[in-house]
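Please read the structure below before turning to the comments.
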Protein chains: 2
Amino acid sequence: MPNFLERVNEKREALTASEQKIIEQLEKHEKPFLLSMNELSSLSGVSEPSVVRLYRKLGYASYQELKVALAQEHAANGPSYSSDNNEIKESDKADVVFEKIGDQLSSAMMMTKEKLNVDQMEEAVGKIAKAARLFFFGQGLSGTIAEDGAHKFMRIGGTTLAVKDPHYQAIYASHMTEEDVVIAISHSGETVNIIEVVDMSKKSGATCIIITSNPNTTLAKMADILLLTQAQETENRSDAMVSRLVQLALIDTLYTRVVSVGDSDIKKAVNLSRLAVTRMKK
Amino acid sequence: MPNFLERVNEKREALTASEQKIIEQLEKHEKPFLLSMNELSSLSGVSEPSVVRLYRKLGYASYQELKVALAQEHAANGPSYSSDNNEIKESDKADVVFEKIGDQLSSAMMMTKEKLNVDQMEEAVGKIAKAARLFFFGQGLSGTIAEDGAHKFMRIGGTTLAVKDPHYQAIYASHMTEEDVVIAISHSGETVNIIEVVDMSKKSGATCIIITSNPNTTLAKMADILLLTQAQETENRSDAMVSRLVQLALIDTLYTRVVSVGDSDIKKAVNLSRLAVTRMKK
DNA sequence: AATATAATGTAGTTTACTTACAAAAAGTGG
DNA sequence: CCACTTTTTGTAAGTAAACTACATTATATT
């Protein structure tokens, strides 16, 4: 069932002057679904039957139906953004905490999606698909993200490593070539070791993809390809948790795309990996 | 503004017999927001003024307002469930893939939230807070979740370990006491090694908290405390990715709660850990 | 300019919503 | 257990909203 605006667009040619006046009112009004037909018609400066003819033309059976449709569409677009008061309190029981994390997460996913540059993402996908070796660098909690990422990309058959130890990172970084790709992960963007290691990797000629939450950091500025995960601006303790989940989803996206664009070799490799894992169960 | 069901619950004591009949109809009807007052009252077998008195009591200014509220709440709950066409296609570019993962994720979070048993969660929190040692067991991708969890709980100062190697898991499991707590993670719930290790841990007297997506599995049935992450029933390749994110959010919830209910020692420990990590940056 | 066609409005009808008040039911104190 | 109060429910009438039939005006066509 098409929504209100789609219906309007479909019939745009066939709309009369007074019908357009009515639509204008419906679009400008904050709560159009609370207007009576009388109010709407006088606001628009037209007669009531004109309103009737309009909603008929748009395919609604009654004025009530139009109002219900408007109400539902307003509900669907509105509240998800207005994360009114999601801060987690000590008194919140587990179910409330989980719900609030969920709300923060979906708002962070939405913000990230809006800032996401498709071309950059696809460029990253291309580089990864062609890479001779793929390195995930991360420390602390970002280290577990690195490992998760490596675990996934391992399945496409190439050489993929998660490196969490700064010394190991440094050694790998100093021996890279133009064919290598580094994915460096840091929530803060200011982890000293990671900055150094990315610097070394770049000097060795590797492509550096940076995943971080903050664009105004040393690490972000060094990126060949920068993938930003936007979280809320607050300094809640839960921000780090949420941004980590978004980063994982971002890496999932990269992986899904690499498999999609990959040649038949990659797809064979993925299937082989799945079989291998299945043998470990049952 | 509380939603319809919250309002009903708040006034539950004060509801008369005919008011309950009306509510019953509103809950059972598929599209209650399209009913006229006349239809609703005759369906419920009461008079129209009884309907008026009910919505007044619930805090709505007019029957229209009640209908609009119901329509909006149906819109908010409805479509996110019916994940109409979230399946990721090979032709989807990175931004679309990310968006679909986001949609699947929030629907999975919602489903998990509904199945979530607060008491079980809080019981788990209590056990963890008092545990002498806390073990995270997981293999493969669930292993990285285990590590992530251990990384977090490490900060509260106790003995916390992520064990991914089945041999190590077996050794630890055979030397546990009643004071120990095991958190075992498995997406499928049928990973042979994990099942064996949980069995050993239980025989040693440890409390076993199981995090899995499937309630009808050997592992789920062994749980002292079972925490289910509901994903969609489909066998999409993305299900595992999504359920892993939900599992992480679940562990975040446990952690947040443990810190909240924890005594001053735990809070001191968390602050110490934060200082320690900060020293590693800048 | 005459006629056809489309657009809009007037006035009235029907339906939906609301109110005032009365009847019935359920408690309460003597 | 009866007179009285309070609560619950319904009847009937009023008001406002939604809809319809038809008249009027505007626009286009020949």
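The model shown is predicted, which means the values in this text are computed figures rather than measured ones. Numbers restart at 1 for each chain; the letters A, B, ... are given by sequence-line order, proteins then strands.
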Those residues that, when tested against A:Ser62, pass side chain to side chain donor-acceptor pair (under 3.5 Å) (two or more places apart):
none

For D:dG10, does OP1 or OP2 lie under 4.0 Å from any side-chain N or O of B:Ser50?
yes

NA contact type, A:Val46, heavy-atom cut-off 4.0 Å: base, sugar-phosphate, or nothing?
sugar-phosphate

Nearest whole Å is fine: how far is D:dC19 P from A:Tyr60 OH?
14 Å

Can you measure A:Leu54 atom CG to D:dC19 atom C1' for me and round it to whole angstrom units?
15 Å

Are B:Thr218 and B:Glu190 linked by a side-chain donor-acceptor pair shorter than 3.5 Å?
yes

Residue pairs fulfilling ring-ring contact (aromatic ring centres under 6.0 Å, His included) with at least one residue in residues 5-59 of chain A, sequence neighbours excluded
A:Phe33-A:His74

Determine, for nucleotides 12-23 of chain C in 5'-to-3' order, which nucleotides have protein heavy atoms under 4.0 Å from the base (write B), from only the sugar-phosphate (write S), or from neither (write -).
-----BBB----

With sequence neighbours excluded, residues passing ring pair (Phe, Tyr, Trp, His ring centres under 6.0 Å) with B:Phe136
B:Phe153

Taking salt bridge (Lys or Arg N to Asp or Glu O under 4.0 Å) as the definition, give me every residue that meets it alongside B:Lys67, ordered by chain and number, with sequence neighbours left out.
none

Residue pairs meeting salt bridge (charged side-chain N to carboxylate O under 4.0 Å, His left out), one or both in residues 47-56 of chain A, sequence neighbours left out, come to none

The correct set of residues in residues 15-32 of chain B placing a heavy atom under 4.0 Å from DNA chain D is B:Thr16, B:Ala17, B:Ser18

Tell me, please, which residues at least two apart from A:Lys93 pass side-chain contact (heavy atoms from CB on, under 4.5 Å).
A:Asp95, B:Val118, B:Glu122, B:Arg257

Go through the structure and list residues passing side chain to side chain donor-acceptor pair (under 3.5 Å) with B:Thr217, not counting sequence neighbours.
none

